[in-house]
Structures are given as C-alpha cells and as structure tokens.
Amino acid sequence: MAKNLVIVESPAKAKTIERFLGKDFTVKSSFGHVRDLSKKQLGVDIEKGFKPNYVVADDKKKIISELKKLAKDAETVWLATDEDREGEAISWHLFETLNLDEAKTKRIVFHEITKTAIDDAIKNFRSIDLNLVDAQQARRVLDRLVGFELSPVLWRKVKPALSAGRVQSVAVRLIVDKEEEIKAFKIVPFFRITADFRVVQNGKSTELKAELPSRFSTKEKALDFLNKCIGAEYTVHAIETKPTQKSPAPPFTTSTLQQEASRKLGFSVSKTMQVAQQLYESGKITYMRTDSVNLSNLALGMAKKEIIYQFGEDFYQFRKYTTKTKGAQEAHEAIRPTFLDQHTIDGTADQKRLYSLIWKRTIASQMSNAKLEKTNVNITISTTKEQFVAKGEVLIFEGFLKVYLESTDEDNADERSGVLPPLKVGQNLPLIKSDATERFTQPPSRYSEASLVKKLEELGIGRPSTYAPTISTIQKREYVAKGEREGVLRDYILITLKNDKISENTKQEKTGQIKGKLIPTDIGNVVNKFLMKHFINIMDFNFTASVEKEFDEIALGQKSWNKMIDAFYGPFHKQVEDTIEKSEKFSGEKLLGKEPSTGKNIYVKIGRFGPIAQIGETDSDEKPRFAALKKNQSLDDITLEEALELFNFPRTIGTYEEEELVVSIGRFGPYVRHKSKFFSLPKTDDPATVAEDRAIEIIEDKRQKDREKTIQKFDENEDVQVLKGRWGAYISIGKNNYKIPKGTDPEKLTLQECLKIAEEAGDKTKKPGGTRKKATKPFKSNK
DNA sequence: CAGTGAGCGAGCTTCCGCTTGACTT
C-alpha cells in the first residue's frame with residue numbers, strides 16, 4: 001500500500017504526475033467537483049445564513065468510495081487540485097467528504113509538471129485556504145439563487161421551461177443588442193474611386209493600383225470627378241516609405257484557441273474543445289481550459305531551442321506575456337504542445353490541424369518581430385487638386401510571420417496593398433482606367449460563437465470551462481439560433497473612365513447573407529425584454545465584475561460570504577416577488593390587424609409552445625384560434641397576410657389510394673398526412689402551394705426509404721420489425737425499440753426470438769435524462 | 001440518423017463551474 005495519496009482534478013494529469021513520483025505515491029483524480037448543491041431543490045437554507053446543502057452526485061459516488069479507501073490506508077493525503085477558487089473548493093469538498101484527518105492532509109499546488117516543480121510543491125505544502133473556499137461558496141450560492149429564482153419567474157410570466165442566469169442571460173443580451181444595432185443602422189451608399197496606371201520599366205509593363213482617399217457621397221459628384229479626369233496627366237508627386245513592425249500574438253488560451261480555430265479551421269466552439277480534449281488526453285498538448293498566456297520555463301526553453309535550430313538566432317526573441325483579461329485566475333499554463341520539437345502528430349485530420357495551429361501559435365509567440373516597409377505614393381492629377389494614393393507593403397524580415405499570422409474577424413477585401421513596381425518622383429503615369437464604384441456603409445457584424453466568447457471574456461463573464469456549454473445552452477433554450485440566410489442581390493453602380501470615355505453600368509452583388517452567425521429568436525427577444533425591464537441589475541454587463549470584486553474581498557478574509565450574499569439576496573428577492581405579483585404575463589403580444597372575413601383582431605405572440613398567431617380575444621367567450629408561426633417567421637416582421645395564411649391549414653389537397661391527402665403544419669414543421677401517417681415536407685416545398693402529385697412523390701420516397709430500412713417483417717405480428725438504425729440493427733415493437741444481442745444475425749431472427757429479447761429487456765420505465773413518453777397519470781386522491 | 005406530429009387547466013422545467021465517460025434502440 002502506497003504511503004502517499006495525491007489527488008488532482010484530471011485523470012490525464014494524474015497519470016503524468018504518477019510517473020514523476022515513484023512507487024511511494026498513488027496519484028488519483030477527483031474528476032472535477034465531487035459535491036454540489038442538490039439538483040432538484042434550491043439547496044440553500046436561506047433562514048440559516050444561506051447554509052448550502054451539498055450532495056455527492058450519483059456518478060461521483062464510486063470515485064468517492066474509492067478515494068475514501070485509499071485515503072484511510074495512506075499516511076499522507078496530498079490535495080493537489082488547481083490553484084484557483086474552484087480548485088481550492090474541490091480540495092475542501094474532498095477533505096469534508098472523505099472525512100480526512102487534518103494532521104495527515106496537505107494542500108499543494110503544481111506550477112509545472114516537471115520533476116523539480118513537483119518535488120518543490122511537495123516541500124511547500126500548506127493547509128486549505130478557507131477564505132478562498134468561502135469565496136467559491138459565495139459564487140456558487142449566488143449563481144444558484146439567481147438562476148433558481150429568476151427562471152421560475154419566466155415560467156410564470158413568459159413560457160415554461162425557460163431559464164435565466166448570471167452568464168447566459170447576459171450572453172443573450174449581447175446578441176439581442178447587436179441585432180438592434182444592426183436594425184438601427186442606416187446603410188448609406190457612397191462612391192469610391194480607384195485607378196489603374198501603366199508602369200513601363202526596361203520594356204516590361206506592370207500595373208499600379210491607386211485609390212482616391214476621399215469618397216463621394218453621390219453619383220453626381222463621382223461623375224463630376226471622372227469628367228474632370230478626361231485628358232488629364234498623372235504624375236508621381238511624392239514617395240514616402242516608413243519602416244514598421246508586427247509582433248506575434250500571445251500563446252493560446254481557451255478563448256483565443258476557440259476564435260482562431262473558428263476563423264482558420266471553421267470549427268465550432270464545442271468541436272474545438274472536443275478535439276483539444278483528445279489531444280490533451282493523448283499527452284500531446286497541455287490543459288485546454290485555461291485563461292493564462294504564460295509559458296512554463298520548460299516550454300520557453302524548448303521554444304528557444306526549436307526556433308534557433310529551425311530558423312536561426314535572428315528569428316528568436318524571448319517574450320513574457322501577461323494576462324489582461326478581467327478576473328483571470330491563471331491556474332494553468334497557456335495551451336501549448338507538450339513537446340515543441342514535435343511539429344506534427346499522428347491522429348485524425350482534425351487533431352492534426354488543431355495541433356498544428358497550436359504548435360505554430362506557440363512557436364511564433366517566441367519569435368522576433370516581422371519588419372515591414374510601408375510605402376505611400378502620391379499621384380497628382382493635372383486637372384484637379386485631388387491626388388491618388390498607391391499603397392505598398394514590403395516584407396523586409398519575416399520574423400514570426402514565417403510560421404504564423406493571427407486572423408481577424410473582419411475581412412478587408414477592399415484593401416489595396418502589395419509590392420509596388422519601382423517608381424521615381426516626377427514620373428509620368430499613363431492611365432489604363434479609373435473606376436467609380438458604389439459602395440455601402442457596413443452595419444456591425446453579428447456575433448459568431450467564437451466572437452461571442454471573446455466578448456464574454458472581455459467582460460469577465462464565464463470561465464474557460466463554461467464558454468462552450470453556455471453557447472450551447474442559449475441555443476438549446478432557443479434564445480438564439482445560428483443563422484442561415486441566403487442573402488439578397490443588391491444593385492450597385494460602376495462608372496468607368498477608359499480612353500477618355502465614360503461609361504456607366506449597373507452591377508449586382510450579394511449582400512446580407514448570414515452563415516453560422518448568432519441571431520436572437522422571438523423567444524430570446526421577449527425574454528430579454530422582460531429581464532431588462534424587471535432585472536436590469538442582473539443584466540448589467542458589470543454585474544459579474546462587481547460581484548467578482550466582492551468574491552476577492554471574501555478570499556482575502558475582508559468580508560464574510562454569508563453577509564455578502566445576504567446583502568444581495570434581500571433586495572433581489574423583493575424584486576422577484578414584486579415582479580411575480582405586479583407584472584402582467586409577458587408574451588410580446590402584437591396586434592397585426594383584423595381578419596377580413598370576421599373583423600376579429602389578429603395577434604402574434606409567444607405561446608405555450610413558442611411563437612403563435614391568434615385570431616380573436618383570449619378573454620372572450622368564444623375561444624380564439626391559434627396557429628404556430630413557421631420556423632423562418634418572426635413576431636417582428638410577419639405581415640398580416642402571412643399570418644392569415646397560417647390559418648389555411650389543415651388543407652386537403654387531393655386523394656391517393658382512396659384516402660385524403662392533408663397538408664398541415666405541426667410541431668416539427670409542415671407535413672402531409674395520409675392514412676393517419678405523417679410525411680415531413682422537405683424545406684424546399686411550400687406547404688401553401690404543394691399539390692397532389694408532389695405529395696404522392698413525397699409519400700413514395702418515404703416508403704422507399706422505409707423499405708430500405710426494414711430488414712425483417714413478420715406477417716403474424718405486424719407490430720414487430722427488425723430495422724436498420726444509426727447503431728446497426730434493432731428490433732422495433734410498437735413504439736418500443738430493443739437492442740439485438742451481440743453475435744446474433746438480425747436477418748435470421750424469428751418472431752419468437754424477437755419477442756423473447758423484448759421480454760428480457762424488461763420494462764425500461766426509468767430512463768435517465770427523462771422519458772419522452774408521458775408517464776401514467778397518478779391518481780389524485782384529494783382536493 | 002430518423003422519427004416525432006399537442007394544445008394553451010395538473011405534471012415538469014432552472015443556475016455556474018470543475019471534470020470525463022457511457023453509449024443511446
């Protein structure tokens with residue numbers, strides 16, 4: 001039995017550390033937090049100074065009992081969780097849950113995973129910092145109180161099953177605000193003038209591209225300018241060069257890795273984290289959830305060696321980066337390759353690409369600046385005072401650019417710069433042509449998943465471990481959606497001056513297309529409006545920052561956590577009660593107009609199941625009629641005509657096999673019903689116009705697919721089928737599905753065997769994660 | 001991956017941060 005038990009948070013880390021520590025040490029992992037507030041109840045006793053009720057989750061019971069046993073037999077238990085607020089709390093929870101003996105428990109932290117660093121840590125043990133633990137408890141309790149008091153307000157006033165919280169609600173607000181900004185933005189056209197000149201040098205001819213710095217607000221002014229240019233001479237007036245430098249970006253944190261993987265590799269935030277996790281578990285990179293840009297001494301040494309070996313002394317420059325982000329806790333290093341001499345790795349294509357990105361970024365961060373020479377050439381026009389300007393950029397020394405350049409979110413496709421041909425002052429430049437192109441001012445761009453993470457990080461909201469889950473929560477709640485909009489064609493004017501003649505053309509370009517950007521839904525808009533009206537304090541971008549300041553004071557022992565929570569909870573709870581009591585139901589209801597045939601009012605609003613249109617009054621004797629909005633419609637811009645159309649369903653469009661064909665719109669979109677079976681309409685079909693022959697086609701398609709799916713059918717019992725599904729063959733009986741035991745040939749199963757398998761699988765009434773089927777209604781005995 | 005296909009009167013729903021599996025029928 002080992003004399004020492006070391007507990008860290010991650011199993012991959014445990015494995016690495018165990019190698020350094022020798023046989024007297026057993027290293028185990030807690031797999032993150034081991035206890036939490038109970039899931040179903042509030043879990044906080046408000047009467048008793050907000051005493052938290054912690055429980056060990058079911059999936060943590062096994063690891064706790066294992067650790068308990070190991071701790072009992074060990075001489076010393078070393079709590080080596082991360083050196084931050086959460087890490088300290090994990091140590092404390094372990095101490096409490098495992099009933100550790102204070103005399104034989106030591107708290108240590110690793111700053112680097114090397115033999116000397118670990119030996120160092122062991123020498124510098126301390127006890128658990130209870131102030132820091134209290135700061136974590138305050139954080140935990142505050143989040144629980146906010147989330148579990150706010151969400152039920154939404155259930156009552158807006159729609160069931162919604163949620164609100166310190167982080168997610170502000171994330172939604174950012175997206176809603178951005179959309180408002182875009183809506184308020186006025187697109188203004190203007191004209192941009194470019195010119196192409198011919199430069200002849202030693203009999204070789206090249207082009208020089210230049211632009212007029214000033215823009216024209218109207219077509220008339222642009223035309224006026226071009227007219228003046230007719231017959232003009234163009235002369236190089238001045239050439240000005242100045243040296244500039246570019247520095248590399250710091251090594252990756254979780255947030256910057258997500259941004260770059262999104263821009264350069266097109267990964268979603270969650271995909272980046274999944275692939276990074278795989279790299280981490282196979283020992284190829286350091287920990288991927290971090291807010292630190294710091295590199296360990298070991299890494300710095302490796303980088304230096306690698307850069308000098310690969311590129312030479314000139315390319316190396318020692319750099320120390322410091323974190324600027326608010327509330328960073330820096331318990332880990334930056335994300336970097338474990339071994340910097342490994343330029344590539346074995347693995348999946350995604351793993352290779354992400355690894356390569358991390359390798360380049362890390363190496364580049366310790367490389368010298370790139371040196372550039374920027375050149376501005378002024379070109380005078382003989383007929384007017386205006387001057388064209390040509391811009392060039394020449395790379396003098398590559399430096400870090402040899403390896404890596406960070407991308408930006410904005411695409412500056414219009415920029416005209418590159419290598420300029422050799423020019424002399426006073427040189428005459430013949431004009432090839434000059435264009436006046438109509439351009440348009442650009443509204444702010446919507447957030448992508450990654451740029452939202454960037455913004456949240458700037459505001460100090462959320463942590464590296466929660467960025468990806470937060471993004472998925474606000475989409476799961478249907479507050480925001482990733483937009484897919486085709487865009488529309490827009491006309492623009494192009495006026496060209498060539499050979500002293502002016503011609504005008506109208507051209508077209510695509511604008512307004514959205515791909516994967518975050519857009520608020522109707523529900524998101526309505527919930528945001530509600531929260532902004534009643535809980536502006538929680539929605540404030542500085543709310544997190546200000547409570548973080550108090551958590552810091554608690555961590556320093558200057559404040560008691562219960563008092564801090566008490567001071568917050570009093571007014572907050574009153575706010576909640578006032579809102580429940582005084583505010584009306586909040587559905588974002590909007591009067592669209594009247595139904596022509598009856599004169600009844602027609603409204604749109606958020607209903608029990610999402611956005612709906614309603615004809616008639618809710619509080620009248622006659623029940624109003626409802627219809628769900630289509631997926632791509634919104635409360636904001638639906639027209640009266642579109643709303644009325646929704647009530648044209650169900651629509652009988654013909655007959656097939658002597659049964660009616662009915663088109664309608666259901667929970668999952670438009671469908672055709674035939675012989676009480678449902679057939680989804682593909683996105684490309686419009687339910688308002690789909691006709692009999694097309695419906696039959698859809699039905700036959702679906703039948704064909706079903707046939708391909710069916711492995712076996714039994715005439716004696718039509719309920720029983722052997723089908724081919726995502727995970728291979730399975731047995732379907734009525735509405736239940738059953739797994740086929742390994743080694744059984746699904747094609748040879750008999751009806752009896754199928755029924756037997758189903759019976760042995762037994763009743764699967766309890767399914768973790770909630771059943772789809774409605775539970776049998778319990779008999780209500782009283783009231 | 002495909003399937004799902006109501007009713008606005010129960011039920012249940014929810015937070016943020018740590019960390020990985022288990023494994024869908």
Side-chain angles (χ1 to χ4, degrees), chain A residues 8-13 29-37 39-40 42-43 59-60 63 81-82 84-87 89-90 93 136 139-155 159-169 277 280-281 287 289 331 461-466 469-470 473 477 544 587 605 607-610 612 614 618 623-624 626 628 664-671 673 676-680 702 705-706 709 723-733 735-740 757-758 761 764 767-770 772 774-775 777-778 780 783:
Chain A
V8 296
E9 288 176 38
S10 140
K13 197 170 169 184
S29 138
S30 74
F31 293 84
H33 271 296
V34 292
R35 286 201 308 191
D36 192 15
L37 300 175
K39 264 199 151 43
K40 285 283 154 196
L42 185 63
D59 58 337
K60 287 287 161 65
I63 183 74
T81 52
D82 296 343
D84 60 10
R85 198 163 65 204
E86 298 296 328
I90 292 174
H93 280 300
Q136 192 274 347
R139 199 279 305 155
R140 181 68 192 92
V141 168
L142 178 98
D143 281 337
R144 172 54 66 93
L145 290 173
V146 170
F148 275 40
E149 295 227 345
L150 231 41
S151 300
V153 179
L154 294 180
W155 304 345
K159 179 176 169 317
L162 293 176
S163 67
R166 174 177 59 84
V167 173
Q168 57 168 288
S169 296
Q277 175 92 26
Y280 169 66
E281 280 172 14
Y287 198 59
R289 289 186 275 264
I461 298 171
R463 305 278 312 128
S465 67
T466 59
T470 300
T473 299
R477 299 266 176 276
T544 290
S587 65
K605 64 177 190 184
R608 170 81 176 70
F609 296 97
I612 50 170
Q614 173 186 332
T618 315
K623 261 200 155 190
F626 297 99
S664 191
I665 297 175
R667 170 82 180 83
F668 306 101
Y671 63 89
R673 199 174 62 226
S676 68
K677 280 209 164 102
F678 296 86
F679 303 88
S680 280
K702 168 80 164 39
K705 270 194 193 145
D706 281 350
K709 211 180 84 174
L723 301 174
K724 198 156 73 189
R726 177 157 51 137
W727 300 284
Y730 65 96
I731 299 165
S732 156
I733 301 178
K735 287 202 165 171
N736 289 321
N737 297 320
Y738 303 91
K739 202 159 50 174
I740 296 173
I757 288 167
K764 317 165 289 176
K767 206 176 108 196
R772 274 279 175 80
K774 278 176 195 148
K777 291 172 192 178
K780 215 170 187 180
K783 257 210 317 196

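Note that the structure is predicted; figures quoted are calculated from it, not measured. Every heavy atom of this structure was used, including side-chain atoms; hydrogens, water molecules and symmetry mates were not. Order of the sequence lines sets the chain letters (A, B, ...), proteins ahead of strands, with each chain counted from 1.
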**Complete:** With B for base contact, S for sugar-phosphate-only contact and - for none (protein heavy atoms under 4.0 Å), nucleotides 13-18 of chain B reads BBBBBB
**Prompt:** Is the base of B/dG3 touched by the side chain of A/Ser680 through a donor-acceptor pair closer than 3.5 angstrom?
**Reply:**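 Answer is no: no donor-acceptor pair is held.
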**Message:** To the closest 0.5 Å, what do you measure between CD (A/Glu86) and OG1 (A/Thr81)?
**Reply:**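 Here the rounded value is 10.5 Å.
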**Item:** Distance in Å, A/Arg463 CZ paired with A/Asp84 CG, rounded so as to fall on 0.5 Å steps
**Value:**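 It is 6.5 Å, given to the nearest 0.5 Å.
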Rounded to whole Å, please give me the gap between [atom1] in [X] and [atom2] in [N].
X: A/Lys13; N: B/dT20; atom1: NZ; atom2: C1'; result: 15 Å
X: A/Asp59; N: B/dG21; atom1: CG; atom2: C1'; result: 9 Å
X: A/Ile612; N: B/dC8; atom1: CD1; atom2: P; result: 12 Å
X: A/Ile63; N: B/dA22; atom1: CD1; atom2: P; result: 12 Å
X: A/Lys605; N: B/dG7; atom1: NZ; atom2: C1'; result: 13 Å

**Request:** Could you tell me whether the side chains of A/Arg166 and A/Thr544 share a donor-acceptor contact shorter than 3.5 Å?
**Result:**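 A donor-acceptor contact under 3.5 Å links the two side chains.
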Could you tell me how far [M] sits from [N] if I compare only their [atom1] atoms? Round to whole Å.
N: B/dC8; M: B/dC12; atom1: C1'; value: 16 Å
N: B/dC23; M: B/dT19; atom1: P; value: 23 Å
N: B/dA2; M: B/dA22; atom1: P; value: 28 Å
N: B/dC15; M: B/dT20; atom1: P; value: 22 Å
N: B/dG11; M: B/dG7; atom1: C1'; value: 15 Å

**Asked** Does any N or O in the side chain of A/Lys60 come within less than 3.5 Å of the main-chain N or O of A/Gly32, such that one atom is a donor and the other an acceptor?
**Response**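 Judged by distance alone, no pair lies under 3.5 Å.
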**Prompt:** What's the verdict on side chain to side chain contact (heavy atoms under 4.5 Å, CB included) for A/Gln136 and A/His33, showing C-alpha distance, side-chain angles and the deciding distance?
**Reply:** CA-CA 12 Å; A/Gln136 192 274 347; A/His33 271 296; 3.8 Å; yes
**Message:** Set out, in order, the CA-CA distance, both residues' side-chain angles and the distance that settles salt bridge (charged side-chain N to carboxylate O under 4.0 Å, His left out) for A/Arg289 and A/Asp82, then state yes or no.
**Reply:** CA-CA 12 Å; A/Arg289 289 186 275 264; A/Asp82 296 343; over 6 Å; no
What's [X] touching, base or sugar-phosphate or nothing? Going by heavy atoms closer than 4.0 Å.
X: A/Gln136; answer: nothing
X: A/Pro469; answer: nothing
X: A/Phe679; answer: nothing

**Item:** Passing candidate, side-chain contact (heavy atoms from CB on, under 4.5 Å) with A/Ser587, options A/Lys605, A/Lys159, A/Arg608
**Value:**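 With A/Ser587 as partner, A/Lys605, A/Lys159, A/Arg608 yield a single side-chain contact (heavy atoms from CB on, under 4.5 Å), made by A/Lys605.
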